[in-house]
Structures are given as structure tokens and as C-alpha cells.
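For reference, positions follow the sequence shown, starting with 1. Basis for what follows: all heavy atoms, side chains included, without hydrogens, waters or symmetry-related copies.
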Amino acid sequence: MGPYEISLFVLVLIVITLGSGIWIMASLVIVGLVSQFIIADFSFVKMGTISATIISRNSMSWELSAIPLFIWMGELLFRTRLSQSMFEGLTPFVNRIPGRLLHTSVLGSTMFAAVSGSSAATTTTVGRITVGELLDRGYDRALTTGSLAGAGTLGLLIPPSIILIIYGVIAEVSIIRLFAAGVLPGLLIAALYSGYIIIRATLNPEIAPKRDVIYSTRDLLAAARKLVPVLILMAVILGAIYSGIATPSEAAAIGLAATIIITVALRQLSWFVFYDSLKSAVKVSAMITSLVVCAAVLASSMSYVRLPQSIAEIIVDLAPTEFQLILLLSVFYIFLGLFLDGTSITVMSLPITMPIVMAAGVDPIWFGIFLVIMIELGQITPPVGFNLYLLQSLTGDSLPKVARATLPFFLLLCLGVAIIYAFPQIVLWLPQIIYG
């Protein structure tokens with residue numbers, strides 16, 4: 001087969017397997033094995049030997065051990081009052097900013113993202129506190145919904161990000177450098193969100209009703225004390241990683257231990273919370289790690305059938321500039337985001353796109369952050385945008401109404417991508433400063 005025939009065959013096979021409704025991890029393996037059998041003409045014995053070796057090797061990956069630990073930590077925070085205390089601590093500090101409590105969704109999501117690593121956990125935890133409070137106080141419904149949907153995606157970008165761990169494992173890129181690279185883009189996007197809220201509230205003060213509340217210095221100090229537990233967790237996790245004391249996996253264990261100690265000290269950890277959080281973490285972790293392992297089978301198969309080389313040949317024939325390539329990949333990932341979740345997008349696309357961007361000279365650290373922002377766009381894009389369904393359940397609004405409310409924040413994310421493309425040092429500066 002030529003490059004066009006190989007690409008078309010694999011594409012059709014992926015569409016058929018995904019469209020059949022079977023599990024995505026099964027689809028990955030089926031596409032890989034069928035491609036090996038038909039295109040590479042491998043025997044069943046050879047396919048079985050290759051797959052068993054790959055599954056065994058990737059199942060024992062030390063880097064993957066960070067995933068269940070960070071997920072369990074997020075589940076514990078979700079089930080305790082630490083998130084409620086965080087909201088109460090932020091409230092006095094945003095009182096004088098145009099938009100007032102609308103900023104608690106952005107700031108709360110930014111802080112919670114730094115200790116959870118999950119967009120779903122960030123959106124659900126912050127949303128169940130802020131949405132009802134803001135709507136009861138008369139804040140604009142669309143802006144309340146949209147700001148939380150957008151800010152919730154920061155759980156994918158701000159370290160410790162589970163998606164960045166998966167990307168680092170599959171692409172064989174330093175996870176510690178990826179974590180450092182995600183900090184400034186995450187803060188940039190949070191600043192874009194808050195800036196938009198300030199502009200809207202300045203033009204139309206009615207979207208954020210003013211309350212005649214004056215906070216004294218004592219009130220501010222009391223509020224700051226409520227932020228201490230989350231700030232301690234952020235300092236422990238990120239400090240352990242960036243100081244070089246611990247690897248991401250070791251930092252995950254340290255963070256989990258610190259979370260348990262803090263929740264026990266605050267008398268918020270019961271046996272029910274412990275068991276329920278552990279059970280949920282095991283389910284989510286098994287799903288994610290299974291996808292990563294099966295994606296390794298697909299990646300190996302694609303190299304055997306020369307799919308990356310085939311697509312690279314097609315792209316070389318088109319002779320795109322770097323800008324055109326990034327624009328093409330942006331459209332490609334936004335399209336995937338309409339139908340797949342972030343983990344599936346990562347594990348399915350990287351075997352194909354990674355060789356292409358490496359051949360084009362794109363920095364793999366920069367591309368990892370670009371990929372995560374593309375996945376964030378998918379989180380707030382119907383029909384499969386997971387954050388939209390979470391907000392639908394929290395607000396009771398229809399999915400189209402939630403999607404319309406989220407549109408400005410979708411565009412702000414696109415602006416964020418344009419900024420980091422124009423100024424790539426926003427991504428690359430911190431890793432270079434810390435690690436050289």
C-alpha cells in the first residue's frame with residue numbers, strides 16, 4: 001500500500017471500531033492488530049508476542065503510578081470541606097474587583113487545579129459550591145455557567161496535570177519539564193478569563209450585583225486562614241517537584257499523604273469518605289491506565305505499518321509552513337474534541353501526530369501544552385464536552401444553553417493558543433530557568 005492507501009485504511013478502521021460502540025481501549029487494540037495483520041502481514045504468533053511485550057512493559061511504567069495517587073487526592077478533596085473553605089477564603093479578596101464573586105470560579109479552579117490534576121474534579125468541586133451561591137445572589141446566569149465551564153478546564157493544564165503525565169509517558173518527554181511548562185500558560189488563560197469578566201462587569205454592572213459588605217482587616221486575615229490548607233498542599237506538591245526533591249510519582253505520594261494528614265487534622269476524614277474516595281479513584285485510574293497501555297499497542301502497530309511516515313509524506317507533499325501545520329492540527333484536534341474525551345484524544349492521536357511535529361521541528365514541550373489546550377477546547381464543545389454535562393447537571397439548564405454560555409470562553413482559549421504560538425517562551429521560559 002502507498003501512503004494514501006495506508007492512511008485511508010487506518011482512518012476507516014478507526015471510524016468503524018469507534019462507531020460500533022465498543023470500548024475505546026478495545027478499539028485501539030483492534031485497529032492495531034488488524035493493521036498489523038493486513039498491512040504488515042504479521043502472523044498471529046508474532047502479533048501476540050509483540051502485543052504481550054508492549055502491554056507488559058507499559059503496565060510497569062513508573063511514571064503511570066502518579067495517576068491513581070493524584071486522582072485519589074482529588075477525590076478526597078472533593079468529598080471534604082476543604083473546597084468550601086477555599087471559596088469562603090477567596091470571597092473577601094474579590095469583593096472590590098468588577099465582577100466580584102464571579103472571579104471565585106476562576107481563582108478557585110486555578111487553585112484546585114494545582115492539587116487535583118483533573119478537569120472533571122475541578123469543575124464539579126468548585127461548581128457545586130459557586131454555582132448555587134452566585135445564582136442565589138442574582139449573578140448573570142450565562143456568565144456564571146460559562147466562567148466555571150472554562151475555568152474548570154484549567155485542571156488539565158496547571159500541574160499536576162494527569163493529561164500531561166499521559167502525554168509525557170507516550171511521547172517520552174520529561175514530565176517535570178511539562179509540569180513547569182504548564183504553569184504560565186495556565187495563569188495566562190486564568191487571567192484572560194478574569195479580564196473578560198472585568199470588562200463585562202464594567203460595561204454592565206448588573207451582571208454582578210453589588211452587596212454593601214465591607215471587610216475589615218480582621219475579616220481578610222480570617223479568610224486567608226481558610227486558604228491555608230489548600231496553599232499548603234500546593235506548596236508541598238509543586239515544591240517537591242520543582243525543587244528536585246521528588247519525581248512526579250513521588251510528589252503524588254507526598255501530596256496524597258499530606259492530604260490525608262490535613263483532612264484528619266481538620267476532622268473531615270471519615271471511614272466512609274476514605275473508602276468512597278478510594279473506590280472512585282480505582283475505577284477512574286483503571287480506565288485511564290488501560291487506555292494508555294492499549295494506546296502503546298496502537299502506537300507500535302502504527303510504526304510497523306508506517307502510518308506516521310505515510311502521513312508525513314502526505315504533509316510533505318502539501319508543503320505546509322509551521323503556522324499552517326499548527327493551524328491544521330488545531331482544526332484536527334477541535335474536530336476530535338467533538339466526539340472523544342481528552343484521554344482518548346491523547347492516546348489515539350499521538351502515535352500519528354508526534355512524528356509529524358518532531359519532523360517539522362516543533363518543540364515537544366511546547367506541543368504538549370498546545371495539545372492540552374486543544375483538549376480543553378474539547379471539554380467545552382458539544383456534543384461530547386464533558387464540562388458541559390457537568391454544568392448542565394449543576395444548573396439544570398439545557399445543553400444548548402450551557403454551550404452558548406461557554407462560547408466566549410471557548411474563544412478566549414483559542415486566543416490563548418494564538419498567544420503561546422506568537423510567544424512560545426511563555427511555555428518554554430520556566431522549564432529553561434528551572435532545569436536549564
Just by distance, do the side chain of [X] and the backbone of [Y] share a donor-acceptor pair under 3.5 Å?
X	Y	result
S277	L76	no
H103	I197	no
E133	T130	no
D397	V402	no
R79	V273	no
R141	T395	yes
S280	D276	no
W72	I67	no
Y304	S35	no
S109	V106	no

Of the non-hydrogen atoms in [X] and [Y], which two are nearest, and what is the gap between them?
X	Y	value
S51	L33	OG-CD2, 3.3 Å
M354	P364	CE-CB, 3.6 Å
I207	L102	O-CD1, 4.4 Å
I237	A251	O-CB, 4.0 Å
S147	S105	OG-CB, 4.2 Å

Return yes when atom CE of M234 has more than 12 non-hydrogen atoms of other residues, nucleotides or ligands closer than 6.0 Å, and no otherwise. yes
More than 12 heavy atoms of other residues, nucleotides or ligands under 6.0 Å from CZ of F423: is that the case? no
Inter-residue atom distance [X].[atom1] - [Y].[atom2], 0.5 Å rounding:
X	Y	atom1	atom2	value
T406	Q379	OG1	CD	11.5 Å
L69	S285	CG	OG	8.0 Å
S174	I365	OG	CD1	6.0 Å
T153	I163	OG1	CD1	12.0 Å
L90	E88	CG	CD	10.5 Å
I189	L184	CD1	CG	11.5 Å

Side-chain touch [X]/[Y], heavy atoms, less than 4.5 angstrom:
X	Y	value
L233	T259	yes
V169	I175	yes
V31	S301	no
L350	L371	yes
L148	T144	no

Is the ring pair F370/Y333 parallel, tilted or perpendicular, if the boundaries are 30 and 60 degrees?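 It falls in the perpendicular class, over 60°.
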Geometric class of the Y193/F409 ring pair [parallel <30°, tilted 30-60°, perpendicular >60°]: perpendicular
Candidate pair M374 and V417, rule side-chain contact (heavy atoms from CB on, under 4.5 Å), full reasoning: CA-CA 8 Å; M374 288 294 105; V417 173; 3.5 Å; yes
For T80 and T263, does a side-chain donor sit closer than 3.5 Å to a side-chain acceptor? no
For F332 and F335, I'd like to know if the aromatic rings sit close, meaning centre-to-centre distance below 6.0 Å.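 No; F335 has its ring centre 6.0 Å or more from that of F332.
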Contact list for residues 416-425, test side-chain hydrogen bond (donor to acceptor under 3.5 Å, both in side chains), sequence neighbours left out: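 Qualifying pairs: Q425-Q432.
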